[in-house]
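None of these values were measured; they are calculated from a predicted model.
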Amino acid sequence: LLICLAAVLPQWVFAESDIPGWGKAKWGMPFSEVTKLYELKSWEAGTTPISKLKKRIKIMGHDFGVAFYFDEHSADGKLYKVVLAHFDTTRRDPARLVSVKNILVQKYGNPSSFVVKDEMKVSRWTKPAGQLKLTTLTGKTVMCAIEYLSVGPESEKL
């Protein structure tokens, strides 16, 4: 029994999470169900069906706005993307953004790709159910965007 546990436990403890959605919201969940889980504002103006959280969330002491993307402006619209964004024009502590990436690495493992261009860094994770993209910019404005996206076929996203 101990040998079996020793063989299985490391895989279980270090198993990387899939990306079936964000928080309690899962890909394909209708707008009406997401509003039962999160307090959302009315639809954003424009043609893209977006609804944002009424309150910002905190990650590592930073305020992030959260936007939910659906395939249509209706109660039946299906969730296919969630974007968390933080902007800071005071440039207080851009090094703290490394902690955000560390949290994502702990949960999802090392990114499948990492690109640096000038002051912008983009890390991507691809899992069976979803993709994650972390973009940080440390120029005049400090920006951190975390994008969760369904990767299933279009017919399953909608």
Side-chain angles (χ1 to χ4, degrees), residues 15-116 119-152 154 156-158:
E16 299 170 0
S17 296
D18 199 351
I19 304 170
W22 176 77
K24 296 177 183 175
K26 304 303 176 210
W27 304 136
M29 186 177 278
F31 176 81
S32 59
E33 292 297 315
V34 175
T35 59
K36 292 176 184 176
L37 299 171
Y38 298 103
E39 193 173 354
L40 301 180
K41 296 178 183 178
S42 298
W43 293 106
E44 291 284 307
T47 57
T48 304
I50 301 171
S51 184
K52 294 181 179 176
L53 275 182
K54 287 188 177 181
K55 295 182 179 178
R56 295 185 176 273
I57 64 165
K58 288 236 186 248
I59 300 175
M60 302 299 300
H62 297 288
D63 285 331
F64 280 77
V66 181
F68 294 84
Y69 290 69
F70 297 87
D71 66 333
E72 63 181 53
H73 285 95
S74 77
D76 295 327
K78 306 267 188 278
L79 180 69
Y80 70 90
K81 179 165 73 169
V82 178
V83 177
L84 291 70
H86 165 77
F87 293 91
D88 183 0
T89 56
T90 64
R91 295 179 49 177
R92 285 180 286 190
D93 190 6
R96 291 179 68 188
L97 297 178
V98 173
S99 299
V100 173
K101 183 176 180 184
N102 290 340
I103 290 170
L104 296 173
V105 168
Q106 285 177 353
K107 184 167 185 175
Y108 301 111
N110 288 322
S112 50
S113 70
F114 180 70
V115 177
V116 177
E119 297 170 331
M120 183 180 293
K121 297 177 184 173
V122 179
S123 301
R124 293 179 189 268
W125 290 258
T126 301
K127 303 292 181 178
Q131 186 177 59
L132 174 61
K133 177 178 159 185
L134 170 66
T135 305
T136 58
L137 178 65
T138 55
K140 293 179 182 178
T141 298
V142 173
M143 183 275 298
C144 179
I146 307 167
E147 179 180 316
Y148 294 82
L149 178 66
S150 172
V151 294
E154 286 300 317
E156 291 178 16
K157 288 182 190 179
L158 306 178

Quiz item: At their closest point, which heavy atom of Glu72 faces which heavy atom of Ser74, and how far apart are they?
Solution: OE2-OG, 2.5 Å

Quiz item: Can you check whether Ile50's main-chain N or O pairs, donor with acceptor, with Thr48's side chain at less than 3.5 Å?
Solution: no

Self-check item: Pairwise distance CD(Glu33) to OH(Tyr38) - rounded to 0.5 angstrom
Solution: 13.0 Å

Practice problem: Check each of Glu44, Lys78, Lys81 against Tyr69 using the side chain to side chain contact (heavy atoms under 4.5 Å, CB included) test, and report the only one that passes. | Solution: Lys81

Quiz item: So Phe70 and Phe31, would you call those rings parallel, tilted or perpendicular, with 30° and 60° as cut-offs?
Solution: perpendicular

Practice problem: Verify, without hydrogens or angle tests, whether Ser51 (side chain) and Trp43 (backbone) share a donor-acceptor contact under 3.5 angstrom. | Solution: no

Quiz item: Is a side-chain N or O of Trp27 found less than 3.5 angstrom from the main chain of Ile19, in a donor-acceptor match?
Solution: yes

Practice problem: Kindly compute the distance separating OG (Ser150) from CG (Leu79), expressed to the nearest 0.5 Å. | Solution: 8.5 Å

Quiz item: Going by heavy atoms in the side chains, are Thr135 and Lys121 under 4.5 Å from each other?
Solution: no

Practice problem: Take Lys58 and Asp63, measure what side chain to side chain contact (heavy atoms under 4.5 Å, CB included) needs, and give me the verdict at the end. | Solution: CA-CA 5 Å; Lys58 288 236 186 248; Asp63 285 331; 2.8 Å; yes

Quiz item: Below 4.5 Å, heavy atoms only, C-beta onward: do His73 and Pro49 meet side chain to side chain?
Solution: yes

Practice problem: Identify the two heavy atoms, one from Cys144 and one from Val100, that lie closest to each other, and give their separation to 0.1 Å. | Solution: SG-CG1, 4.2 Å

Quiz item: What is the distance from atom NZ of Lys107 to atom CD1 of Ile103, rounded to the nearest 0.5 Å?
Solution: 10.5 Å

Quiz item: Just how far is it from atom CZ of Phe87 to atom CZ of Phe64, taken to the nearest 0.5 Å?
Solution: 10.0 Å

Quiz prompt | pair Phe68-Met29: side-chain heavy atoms closer than 4.5 Å | solution = no

Quiz item: Does the pair Ile146 and Trp22 meet the rule for a side chain to side chain contact (heavy atoms under 4.5 Å, CB included), with working shown?
Solution: CA-CA 11 Å; Ile146 307 167; Trp22 176 77; over 6 Å; no

Quiz item: Around atom NZ of Lys26, are there more than 12 heavy atoms of other residues, nucleotides or ligands at under 6.0 Å?
Solution: yes

Exercise. Step by step, work out the side chain to side chain contact (heavy atoms under 4.5 Å, CB included) result for Ser123 and Lys101.
Key: CA-CA 8 Å; Ser123 301; Lys101 183 176 180 184; 3.3 Å; yes

Self-check item: Interatomic distance, Lys41 atom NZ to Lys54 atom NZ [nearest 0.5 angstrom]
Solution: 9.5 Å

Practice problem: Identify the heavy atoms of Val105 and Pro111 that sit nearest to each other, and give their distance. | Solution: CG2-CD, 4.2 Å

Self-check item: side chain to side chain contact (heavy atoms under 4.5 Å, CB included) between Leu134 and Leu132, worked out
Solution: CA-CA 7 Å; Leu134 170 66; Leu132 174 61; 5.7 Å; no

Quiz item: How about Val83 and Val66: do any of their side-chain heavy atoms sit closer than 4.5 Å?
Solution: no

Practice problem: Kindly compute the distance separating CG (Leu84) from NE2 (His62), expressed to the nearest 0.5 Å. | Solution: 13.5 Å

